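Everything on this sheet refers to the single structure shown next.
This one's a predicted model, so the numbers in the text were calculated from it and none came from an experiment. Whatever order the structure lists ligands and atoms in, that order sets their numbers, starting from 1. Position 1 is the first residue of the sequence; numbering continues from there.
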Amino acid sequence: MKIFAIFGNPIKHSKSPIIHKLFANQLNIVQQYEKIYVPINNFNNVINHFFKNGGLGANITVPFKKMAYNICDLLTQRGINSGVVNTLKITKKNQILGDNTDGIGLLKDLKRINFIYKNSNILLIGAGGAAQGIIYPLINFGCTIMITNRTYKKSCHLLKYFNNKKNINIIKIEDINNKKINYDLIINATSSSIKGVIPNISSSIIHSNVFCYDLFYSNKITPFLDWCLYHGAKKISDGLGMLIEQAAYSFFLWHGIMPNTTLILKKFKTNNYF
Ligand SMILES: NC(=O)c1ccc[n+]([C@@H]2O[C@H](COP(=O)([O-])OP(=O)(O)OC[C@H]3O[C@@H](n4cnc5c(N)ncnc54)[C@H](OP(=O)(O)O)[C@@H]3O)[C@@H](O)[C@H]2O)c1
């Protein structure tokens, strides 16, 4: 049996096992995919134990994407570009290969729902592993990104990591209200929704034409999207589409075959697999 798993903390909310089961059924692949809870200071031990015991591939979620990057022997170009990884694979030579499928997964979903254009002006809220993973594909697509985060220092680290590229800027979250910038797309890449709260940010960012995207997903509206609607946004989406797309790119890395994500997204919603 081929064994895969997702590692995170918290992990209870993850829908990745259901999605990978749907992919495997669609493509007649026999595999096992589990959720593994990792104590905060024990990532390296847990992941090494998994690979020593026959694990072939892993997805990595909150808050271990940087740690996962650090244990890789090899990286894909996407992994190199982002500096964090959400997908690991054991190669034939028993090395750990790291990839980042978050960015390409998000971009594919944003295109599907027509939330992004080549020159979109994006406000990215959050500077954790998910935020870092999506920046490169978005700027590479032609967008401009303003990063804001509860902890300003982390925005500075991201700016430095991306080498102060001219289409990335940072702003203190408390200064948002002073700079009247009209964003086309706001992406919430914080983990605040997991705890049912929203980032403490001025509602001046919301207007009726702005697209609001929450990386978090749920069977009901996320707290952040609810807040966006309340302040006048009309076009909102949660991260379910991204979740399925990024999972499909991980599945491709492991099995060399791409699932039909349109069918899986439909199936997920129809069967209310939340
Ligand atoms: N849909 C998908 O496919 C997909 C893919 C990847 C991630 N995600 C989601 O994206 C979110 C972030 O994941 P991650 O891996 O980046 O986590 P992470 O590395 O732990 O980073 C968490 C980020 O959230 C911020 N944050 C946490 N609580 C906050 C609060 N109450 N107010 C304001 N900011 C807060 C943190 O700010 P500080 O720096 O100040 O701590 C940090 O920027 C999670 O909800 C995850 O489920 C979804």
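- Selection from Gly241, Ser16, Ser155, Gly128 by nearest heavy atom to atom 21 (O) of ligand 1 gives Gly128.
- Less than 4.0 angstrom separates some heavy atom of Gly126 from each of these atoms of ligand 1: 43 (O).
- Using a 3.5 Å distance cut-off with no hydrogens or angles, the side chains of Asp99 and Thr76 do pair a donor with an acceptor.
- For the residue pair Asn59/Ser16, the side-chain donor-acceptor check at 3.5 Å is not satisfied.
- Within ligand 1, the atoms closer than 4.0 Å to a non-hydrogen atom of Pro63 are 20 (O), numbered from 1 in the order shown.
- Taking only nitrogen or oxygen atoms, main chain and side chain alike, Phe216 does not reach within less than 3.5 Å of ligand 1.
- For the pair Thr151 and ligand 1, the shortest N or O to N or O distance falls below 3.5 Å.
- With 3.5 Å as the limit, one finds no donor-acceptor pair spanning the side chains of Asn169 and Lys166.
- At a 3.5 angstrom cut-off on N or O pairs, Gly239 counts as close to ligand 1.
- Residues Asn121 and Thr144 bring no donor and acceptor atom of their side chains to less than 3.5 Å of each other.
- No N or O atom of Asp102 sits closer than 3.5 Å to an N or O atom of ligand 1.
- A donor-acceptor contact closer than 3.5 angstrom is absent between the side chains of Asp238 and Tyr213.
- Listed by number with element, the atoms of ligand 1 under 4.0 Å from a non-hydrogen atom of Ala127 are 43 (O).
- Taking only nitrogen or oxygen atoms, main chain and side chain alike, Gly129 reaches within less than 3.5 Å of ligand 1.
- Atom NZ of Lys12 has 12 or fewer neighbouring heavy atoms from other residues, nucleotides or ligands inside a 6.0 Å radius.
- Ligand 1 has no nitrogen or oxygen under 3.5 angstrom from a nitrogen or oxygen of Leu240.
- With sequence neighbours left out, the salt bridge (charged side-chain N to carboxylate O under 4.0 Å, His left out) criterion links Asp102 to Lys65.
- Between atom 14 (P) of ligand 1 and the options Ser193, Gly8, Ala130, the minimum heavy-atom separation is to Ala130.
- Considering backbone and side-chain atoms together, Ser191 places an N or O closer than 3.5 Å to an N or O of ligand 1.
- Short contacts between ligand 1 and Ala189, defined as distances under 4.0 Å to a heavy atom of the residue, involve ligand atoms 12 (C).
- Counting only non-hydrogen atoms, the option in Leu215, Thr190, Asp109, Val62 that gets closest to atom 11 (C) of ligand 1 is Thr190.
- Residues His255 and Gln31 have side chains that bring a donor and an acceptor to within less than 3.5 angstrom of each other.
- Relative ring orientation between Tyr217 and His13 is described as tilted, the plane-to-plane angle lying within the 30° to 60° band.
- Between His20 and Tyr33, the angle of the ring planes stays under 30°, which puts this pair in the parallel group of the 30/60° scheme.
- The Val197 neighbourhood of ligand 1 comprises atoms 31 (N), with distances under 4.0 Å to a heavy atom of that residue.
- Other members of the cluster containing Ile194 are Val62, Phe216, with ILVMFWY side chains joined at under 4.5 Å, either directly or via other members.
- The N/O atoms of Pro199, backbone and side chain alike, include none that comes under 3.5 Å of an N/O atom in ligand 1.
- Of the listed residues (Lys154, His13, Gln246, Glu245), the one carrying the non-hydrogen atom nearest atom 39 (O) of ligand 1 is Lys154.
- The neighbour count for Lys267 NZ, taken as heavy atoms of other residues, nucleotides or ligands under 6.0 Å away, does not exceed 12.
- Contact annotation for Ile194 and ligand 1: only side-chain heavy atoms (C-beta onward) come within less than 4.0 Å of the ligand.
- Proximity of Lys195 to ligand 1, defined as any heavy-atom pair under 4.0 Å, is not found for any part of the residue.
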